[in-house]
*Asks:* 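Here you go, one structure.
Remember, predicted model here, so these are calculated numbers, not experimental data.
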Amino acid sequence: MRGFRNAALGLLGAAALAVASDVHDLTKDTFPSFIKEHNLVLAECGHCKALAPEYEEAATQLKEKDIPLAKVDCTKETELCQEYGIEGFPTVKVFRGPDNISPYSGQRKAQAIVSYMIKQSLPTVTTVTKENIEEFKVADKVVLVAYFDAEDKAANESFSAVAEAHRDAFLFGATNDASLAKAEGVKQPGIVLYKQFDEGKSVFDGKFEKAAIEQFANTASIPLIGEIGPETYAGYMTAGIPLAYIFAETPEERTQLAEELKPVAIKHKGAVNFATIDAKAFGLHAGNLNLPVDKFPSFAIQETVKNQKFPFDPSEKLSQKAIGKFVQDFVDGKVEPSIKSEPIPEKQEGPVVTVVAHNYEEIVFDNDKDVLLEFYAPWCGHCKALAPKYEELAALYFNNAEYSKKVVVAKVDATNNDVPDEIVGFPTIKLFPAGAKDSPVSYSGSRTVEDMANFIKENGNNKVDAYSPAAEEDTVMPDAETMARQAPAATEESSESATEKKEKATETASEASEGVKESVKSKVSEATEAVKTAVSADSEGGYDHDEL
């Protein structure tokens, strides 16, 4: 009886928590009015068990600041989610009214969500006064305050440009009060970065220009030796500075190594960032740096801009002397990057071209062709869902002699091949235009064949329109859905003739699709073990399947 009573109390407690939720549960009927009534809303579309408690905690904290958090169940509200182009779950978006929508780009932890949304609620640059300066300096982990004369328009514009570009990352404030600058020991124009770690603040002493200020902010905002995790990873990747990883399994060992390597980090501050990483929780990431995933402690440097990996010999012991020499050799350009690559395929099978590290430059940087490249992971559910449509898209160009000379649709396993870009989510799709390989264009639209084909036409320099009715007639379509779509679009013949054509197309495609199905089944079977491994890693504190 006591067990039943405890269970009942537990259920009542859960029910009370559900009722007390500070997250607004919205539907297609309530969503539009809710967005109109609030100036700023964070909305989660879909559901994620790992995010739920963090989202709930953030909602409670932000409630006091009148910043509501909402959620939409996309399994029920399919029409609403389709309207906003929701492809994967969860998708989190920032709403400033019904027409001003942007993706949430922060980390999915409570404090990160709170920090991000507070930044969104404030002006791009907050006016700092004697009354609020002390409070503002500690309003976030990193705060930048500019001190300049009211008549100094050039300094004002440069700082404002930086603030506009980086408002998601930092809090920005400014003051024209000369007495405040004097009290802080700053000469106008000047900038102080206040931080809740290391020495507490850094003073900018460079030229008052946007690029110099950005470099200062990215460097000074990173701890001398920080900790890599879900909340900090993106910051290190966007800092534009090589990152040195110190892998260790226990907090005590990470602390000891950080202290031992501190002189090396001080010597190379601004040139190389240093950070420890929990090898028990994120040890699999060592494999991404071409290190063993079962031998710790270990050390590696990642050149984040080019995504090159420089692993320290795992057979050597980590010491200040050995790591100091390795880092110095890296800075001096004496260390060759390690390249992980699958074998180059002896023969390309099917319309989608397989890219590996050793043929990446040959295929992707072919200057005569627009190359659409999917960066995928074998265990990624969204990648597997995309596969049939991606094959269909590739066939539009592969099966047309003229188009195949101008457009290539390709894919690369970004977990088993080193690629020039750091990929933080799967699938990531980029177009490398002909004649402009140094300016790839990221694809963020709906994952339909038509939308992806239009993206290639609009952003590729060869301007191939493979999805026009005329193009469809000249191209072999791989599945029943696409072939059936040709019948009503091809001509203005009688409805009877169109129906006959549609039935014939469907019947023919049905036969062809059996081979496609068997191929897909084979690929899914091969991925099963990888999925099991990834799921196991997640349960131990790893990243979500579709994100690094």
*Asks:* Using the side chain to side chain contact (heavy atoms under 4.5 Å, CB included) rule, take Q348 and I363 through it: C-alpha gap first, then chi angles, then the decisive distance, then the call.
*Replies:* CA-CA 12 Å; Q348 293 287 354; I363 296 173; 4.3 Å; yes

*Asks:* With sequence neighbours left out, what residues match F172 under ring-ring contact (aromatic ring centres under 6.0 Å, His included)?
*Replies:* F159

*Asks:* Do the ring planes of Y233 and H285 sit parallel (below 30°), tilted (30 to 60°) or perpendicular (above 60°)?
*Replies:*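 The rings of Y233 and H285 stand perpendicular, inter-plane angle above 60°.
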
*Asks:* Is the backbone of Q111 close enough, under 3.5 Å, to the side chain of S115 for a donor and an acceptor to pair up by distance?
*Replies:* no

*Asks:* Any side-chain to backbone donor/acceptor pair from R167 onto P123? Under 3.5 Å, distance only.
*Replies:*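 Answer holds: no.
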
*Asks:* Would you call K137 and E184 a salt bridge, using N to O less than 4.0 angstrom?
*Replies:* yes

*Asks:* Could you list all the salt bridge (charged side-chain N to carboxylate O under 4.0 Å, His left out) pairs where at least one residue sits in residues 322-336, not counting sequence neighbours?
*Replies:* K325-D329

*Asks:* State yes or no: are the ring centers of F204 and F216 separated by less than 6.0 Å?
*Replies:*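 Yes, they do, as the ring centres are separated by less than 6.0 Å.
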
*Asks:* Does any N or O in the side chain of Y390 come within less than 3.5 Å of the main-chain N or O of E374, such that one atom is a donor and the other an acceptor?
*Replies:* yes

*Asks:* Hey, could you give me the CG/NZ distance between D421 and K306, rounded to the nearest 0.5 Å?
*Replies:*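 Going from the CG atom of D421 to the NZ atom of K306 covers 13.0 Å.
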
*Asks:* Does a salt bridge link R254 with E227, judged by any charged N lying under 4.0 Å from a carboxylate O?
*Replies:*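 Salt bridge: yes.
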
*Asks:* Judged by atom type as modelled, is there a donor-acceptor pair below 3.5 Å linking the side chain of N417 to the main-chain atoms of D413?
*Replies:* yes

*Asks:* More than 12 foreign heavy atoms under 6.0 Å from NZ of K210: is that the case here?
*Replies:*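 Enclosed.
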
*Asks:* Describe, in one word, how the ring planes of F326 and F299 are oriented to each other, choosing from parallel (under 30°), tilted (30 to 60°) and perpendicular (over 60°).
*Replies:*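 F326 vs F299 ring planes: perpendicular.
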
*Asks:* Kindly indicate, with the supporting measurements, whether the criterion salt bridge (charged side-chain N to carboxylate O under 4.0 Å, His left out) is fulfilled by K119 and D168.
*Replies:* CA-CA 6 Å; K119 293 184 185 79; D168 293 349; over 6 Å; no

*Asks:* Begin with the C-alpha distance, continue with both residues' side-chain angles, and end with the deciding distance and a verdict on ring pair (Phe, Tyr, Trp, His ring centres under 6.0 Å) for Y104 and Y116.
*Replies:* CA-CA 9 Å; Y104 170 78; Y116 186 95; 4.6 Å; yes

*Asks:* State whether a side-chain donor-acceptor pair under 3.5 Å links Y245 with Q302.
*Replies:*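 The criterion, which ignores hydrogens and geometry beyond distance, is satisfied for Q302 and Y245.
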
*Asks:* Test your reading of the model: is there a side-chain donor-acceptor pair from N416 to the backbone of E342, 3.5 Å cut-off?
*Replies:*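 No, because the side chain of N416 does not come within donor-acceptor range (under 3.5 Å) of the backbone of E342.
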
